[in-house]
Amino acid sequence: MADSTIYTLISQEDVEKRVKEIGEQISKEYEGKDLHMVGILKGSVYYMVELAKHITCPMTMDFMSVSSYENATSSSGVVRLIKDLDEPLEGRNVLVVEDIIDSGRTLSYLLELLSKRNPASLKLTTLLDKPDRRVVQGVDVDYVGFVIPDEFVIGYGLDFEQHYRNLPYIGYFKQEESGE
């Protein structure tokens, strides 16, 4: 993508404002309860850390790694569990934290897997939602940062071949026209 320009889809300020709002909403809904956040590696790390700063109820964190991309820009359809949780979920209020949901395959697989572990509650938050790409129904997102169009996005944890995660905003590539 060397001959591509990165355009801003969602500014750093808008991302920070929305993450704070979601954190406040979660804090109200879980007031008086403990929350166990499960981040989906690697992309959710940025969102999860910033979200946690705005959650006021007692909370713990764990991480899972699943993949359906395999260095491509669209889902392969095959979901693989790469890293499982370190702690059991039984009886806990679990909030799955994802960076982006598009096809829904990964989250459908993951939510089914986690629900079998008998949590007290199981909810889902994502920074970005691409409903136009959904091929699996029944992935209900409880807390959505932004609904976005069908663009391949980068930044704030989202990558292209492991690059661009560190952009403080959500961007997308636009191929430059060659003059030939």
Side-chain angles (χ1 to χ4, degrees), residues 1 9-10 15 18-19 22-23 26 35-52 55 59-90 92-167 170-173:
M1 296 265 170
L9 181 64
I10 305 169
V15 171
R18 184 66 184 126
V19 171
I22 293 170
I26 290 168
L35 178 64
H36 186 64
M37 295 174 71
V38 174
I40 309 306
L41 296 172
K42 299 176 186 169
S44 74
V45 171
Y46 288 78
Y47 175 45
M48 185 164 161
V49 168
E50 290 305 312
L51 182 62
I55 294 177
M59 55 161 287
T60 54
M61 292 181 178
D62 203 347
F63 294 92
M64 294 184 86
S65 182
V66 294
S67 177
S68 67
Y69 279 83
E70 300 177 4
N71 286 330
T73 59
S74 63
S75 176
S76 67
V78 177
V79 179
R80 291 185 5 221
L81 180 62
I82 298 167
K83 182 215 175 290
D84 206 344
L85 297 172
D86 296 330
E87 301 177 21
L89 298 181
E90 189 167 348
R92 299 173 99 169
N93 294 304
V94 176
L95 177 64
V96 176
V97 182
E98 185 61 286
D99 56 351
I100 188 167
I101 302 172
D102 54 26
S103 73
R105 286 184 185 108
T106 302
L107 264 296
S108 176
Y109 168 84
L110 191 60
L111 293 173
E112 182 179 336
L113 175 72
L114 296 179
S115 68
K116 291 177 182 175
R117 297 180 184 187
N118 301 316
S121 66
L122 181 61
K123 291 193 175 188
L124 173 61
T125 182
T126 187
L127 180 61
L128 304 174
D129 190 7
K130 277 193 209 179
D132 292 344
R133 299 258 312 152
R134 201 79 85 244
V135 296
V136 175
Q137 300 308 311
V139 177
D140 298 321
V141 186
D142 301 284
Y143 311 99
V144 176
F146 301 92
V147 175
I148 63 168
D150 186 12
E151 293 281 350
F152 185 81
V153 290
I154 54 172
Y156 211 82
L158 294 118
D159 73 296
F160 175 72
E161 296 179 352
Q162 299 299 329
H163 296 283
Y164 307 104
R165 288 187 195 278
N166 60 322
L167 295 176
I170 305 299
Y172 64 97
F173 290 115

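We're numbering straight along the sequence, starting at 1. Here the structure is a predicted model, which is why all the values come from computation and not from measurement.
The side-chain heavy atoms of Leu9 and Phe146, taken from C-beta on, include no pair separated by under 4.5 Å. For the pair Leu158/Leu128, a side-chain contact is recorded, criterion being any heavy-atom separation below 4.5 Å from C-beta on. Looking at Leu113 and Val66, their side chains never come closer than 4.5 Å, going by heavy atoms from C-beta outward. With contacts defined as side-chain heavy-atom distances shorter than 4.5 Å, the pair Leu107/Val141 does not qualify. No side-chain heavy atom of Met48 sits under 4.5 Å from any side-chain heavy atom of Ile40. A heavy-atom distance below 4.5 Å is not found between the side chains of Ile148 and Ile170. Residues Leu81 and Tyr109 have side chains in contact (heavy-atom distance under 4.5 Å, counting atoms from C-beta outward). No side-chain heavy atom of Leu110 sits under 4.5 Å from any side-chain heavy atom of Glu98.
Expressed to the nearest 0.5 Å, how far CZ of Arg133 lies from CZ of Arg105 amounts to 8.5 Å. Separating the CG atom in Leu127 from the CD1 atom in Ile22 is a distance of 7.0 Å, to the nearest 0.5 Å. With rounding to the nearest 0.5 angstrom, the CG atom of Leu35 is 7.0 Å from the OG1 atom of Thr60. With rounding to the nearest 0.5 angstrom, the CE atom of Met59 is 9.5 Å from the NE2 atom of His36. The distance from atom CE of Met37 to atom OG1 of Thr125, rounded to the nearest 0.5 Å, is 8.0 Å.
A donor-acceptor pair under 3.5 Å links the side-chain atoms of Lys83 to the main chain of Phe63, judged by distance alone. Proximity of a side-chain donor or acceptor of Lys123 to a complementary backbone N or O of Asn93 within less than 3.5 Å is not detected. For Ser115 (side chain) and Glu112 (main-chain N/O), a donor-acceptor pair under 3.5 Å exists by modelled atom type. Between the side chain of Ser65 and the backbone N or O of Ile82 there is no donor-acceptor pair closer than 3.5 Å. With Asp62 contributing its side chain and Asp86 its backbone, the two residues share a donor-acceptor pair below 3.5 Å. Judged by distance alone, with hydrogens and angles left aside, the side-chain atoms of Arg18 form a donor-acceptor pair with the main-chain N or O of Gly145 at under 3.5 Å.
Contact detail for Phe152 and Asp159: the closest heavy-atom pair is CZ-O, 3.4 Å. For the residue pair Pro119 and Val94, the shortest heavy atom distance occurs at CB-CG2, 3.8 Å. Minimum interatomic distance between Gly104 and Val139 (heavy atoms only, all atoms of both residues): O-CG2, 3.6 Å. The two residues Tyr47 and Thr126 make their nearest non-hydrogen contact at CE2-C, 3.8 Å. For the residue pair Val19 and Glu50, the shortest heavy atom distance occurs at CG1-C, 3.8 Å. When all heavy atoms are compared, the tightest approach of Met61 to Ala52 is CE-CB, 3.4 Å.
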Note to self: side chain to side chain contact (heavy atoms under 4.5 Å, CB included), that's the test. Do Tyr143 and Leu51 meet it? Break it down for me.
What the structure shows: CA-CA 11 Å; Tyr143 311 99; Leu51 182 62; over 6 Å; no

Next item on the list: Report the C-alpha separation of Asp84 and Met64 in whole Å, then their side-chain angles, then the decisive distance to 0.1 Å, and conclude whether the side chain to side chain contact (heavy atoms under 4.5 Å, CB included) test is met.
Entry: CA-CA 5 Å; Asp84 206 344; Met64 294 184 86; 3.5 Å; yes

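Arg165 and Asp99 are not joined by a salt bridge, as no carboxylate oxygen comes within less than 4.0 angstrom of a charged side-chain nitrogen.
Ring planes of Tyr46 and Tyr156: tilted class, angle from 30 to 60°.
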